[in-house]
Amino acid sequence: MTEPARPAAAHLVSVRRSYDTVAADYARLVVPPAGMDPLSRAMLAAFAELVRESGGAPLRPVADLGCGPGKVTAHLAALGLPAFGVDVSGEMVALARRSHPELRFQQGEMAALDLPDGALSGILAWYSVHHTPAAELPALFAEFHRVLAPGGHLLLGGHTGDGESRPGSAYGHPVSYTSYLVPGDRLVELVTGAGFTVTTRLDQGRPERPDRGYVSLLAHA
């Protein structure tokens with residue numbers, strides 16, 4: 001007997017609806033990797049090189065979790081990775097498929113991936129975990145660890161700070177999601193607690209957003 005589908009958590013319903021609403025303008029307004037700052041591009045390049053060097057032949061797939069319209073997924077593919085994208089928003093996935101028909105994109109939840117244990121050589125979670133409540137991050141990172149092959153690599157990029165933010169509008173549209181900010185040190189603790197070894201940490205600040213920081217973590221299973 002097929003098990004009934006697990007109902008989506010309340011925060012995921014808000015995230016899905018919000019990103020379905022903003023998808024077209026998000027894709028138009030958010031810069032591709034070529035427009036990112038040099039250090040962010042360097043972290044993506046380092047991640048790709050590490051996966052290529054340690055993943056064996058043939059490489060297992062690399063998942064871009066929270067892929068949005070697929071711009072970064074396509075960048076990973078251009079760097080030589082067998083990348084595919086997963087996003088909770090059906091509209092984002094549809095945009096990604098139209099923009100990058102040569103790549104695979106699927107709708108799904110990053111905390112409950114439809115993948116066997118050890119299926120991936122790499123995971124990118126680029127500014128996509130901050131909509132997960134802090135209490136649920138241990139389970140999220142444990143799921144990342146489950147689907148990575150031994151020695152597989154994780155690149156986590158995200159906002160840091162304290163507390164919660166409910167913007168109400170974004171990209172010219174009303175939204176209902178919440179951003180849950182945690183300090184960079186806490187992110188390191190959570191990733192390590194899930195079984196990863198963090199090898200590189202890059203902290204950045206931006207003058208236009210003094211209320212939050214930005215961190216990139218390279219880790220391996």
Side-chain angles (χ1 to χ4, degrees), residues 15 19 23 26-27 30-132 140-141 143-158 191 194 196 198-200 202 215-221:
V15 170
Y19 281 100
Y26 179 102
V30 172
V31 299
M36 292 179 185
D37 65 275
L39 292 176
S40 293
R41 293 199 308 273
M43 292 295 281
L44 290 169
F47 168 72
E49 185 171 349
L50 287 167
V51 172
R52 290 196 312 269
E53 288 185 350
S54 63
L59 277 178
R60 292 180 174 89
V62 174
D64 179 8
L65 302 181
C67 64
K71 296 180 182 182
V72 183
T73 320
H75 182 67
L76 294 181
L79 292 173
L81 299 183
F84 71 99
V86 179
D87 202 280
V88 73
S89 164
E91 289 298 319
M92 286 290 194
V93 169
L95 280 173
R97 288 171 175 168
R98 289 197 295 270
S99 299
H100 308 285
E102 75 283 4
L103 299 178
R104 177 164 62 97
F105 296 94
Q106 61 195 57
Q107 188 174 7
E109 300 176 16
M110 66 175 71
L113 295 165
D114 186 18
L115 293 167
D117 296 357
L120 303 177
S121 61
I123 288 176
L124 174 69
W126 194 249
Y127 291 84
S128 58
V129 306
H130 59 279
H131 295 309
T132 302
L140 178 68
F141 295 144
E143 177 70 346
F144 289 5
H145 194 273
R146 179 187 73 81
V147 298
L148 270 179
H153 294 276
L154 167 68
L155 175 56
L156 173 68
V191 169
F196 288 95
V198 176
T199 58
T200 305
L202 170 65
V215 70
S216 300
L217 301 177
L218 273 170
H220 63 77

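Quick note: numbers below take in every heavy atom, side chains included, and nothing from hydrogens, waters or symmetry partners. Note that the numbering runs from 1 along the sequence shown for the chain.
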Gap separating the OG1 atom of Thr199 from the NE2 atom of His220, nearest 0.5 angstrom: 6.0 Å
Set of residues satisfying side chain to side chain donor-acceptor pair (under 3.5 Å) with respect to His131, sequence neighbours excluded: Tyr19
Side chain to side chain contact (heavy atoms under 4.5 Å, CB included) against Ala221, all qualifying residues, sequence neighbours excluded: His145, Leu148, Phe196
Atom pair CZ (Phe105) and NE2 (His100), whose distance is rounded to the nearest 0.5 Å: 5.5 Å
Pair Ile123-Met110, side chain to side chain contact (heavy atoms under 4.5 Å, CB included): steps then yes or no: CA-CA 11 Å; Ile123 288 176; Met110 66 175 71; over 6 Å; no
Residue pair Ala77 / Leu103: nearest heavy atoms and the distance that separates them: CB-CD2, 3.9 Å
4.5 Å side-chain heavy-atom contact, Phe144 and Val191: no
All pairs passing side-chain hydrogen bond (donor to acceptor under 3.5 Å, both in side chains) where residues 43-54 contributes a residue, at least two apart: Ser54-His153
Residue Asp117 excluded, over 12 heavy atoms near CG under 6.0 Å: yes
Nearest-0.5 Å distance, CD of residue Gln107 to CG of residue Asp87: 8.0 Å
Rounded distance [0.5 Å steps], CZ in Phe47 versus OG in Ser216: 12.0 Å
Distance-minimising heavy-atom pair for Pro82 and Leu59: CD-CD1, 3.8 Å
Intermediate values then yes/no, side chain to side chain contact (heavy atoms under 4.5 Å, CB included), Val215 and Leu217: CA-CA 7 Å; Val215 70; Leu217 301 177; 3.9 Å; yes
For residues 32-45, please give each side-chain donor-acceptor pair under 3.5 Å, one per line with the distance, not counting sequence neighbours.
| residue | atom | partner | partner atom | Å |
| --- | --- | --- | --- | --- |
| Asp37 | OD1 | Ser40 | OG | 2.7 |
| Asp37 | OD2 | Leu39 | N | 3.1 |
| Asp37 | OD2 | Ser40 | N | 2.9 |
| Asp37 | OD2 | Ser40 | OG | 3.3 |
| Asp37 | OD2 | Gln204 | NE2 | 3.0 |
| Arg41 | NH1 | Met36 | O | 2.4 |

Cation-pi, Phe84 ring and Arg104 (6.0 angstrom, 45 degrees): yes
With Ala94 via side chain to side chain contact (heavy atoms under 4.5 Å, CB included) - residues at least two apart: Arg98
Contacts table for residues 61-76: side-chain donor-acceptor under 3.5 angstrom, sequence neighbours left out:
| residue | atom | partner | partner atom | Å |
| --- | --- | --- | --- | --- |
| Asp64 | OD2 | Thr73 | N | 3.2 |
| Asp64 | OD2 | Thr73 | OG1 | 2.6 |
| Lys71 | NZ | Ala27 | O | 2.5 |
| Lys71 | NZ | Val30 | O | 2.5 |

Taking every non-hydrogen atom, the tightest pair across Ala23 and Glu91: CB-CB, 3.8 Å
Minimum side-chain heavy-atom gap Phe141-Leu156 below 4.5 Å: yes
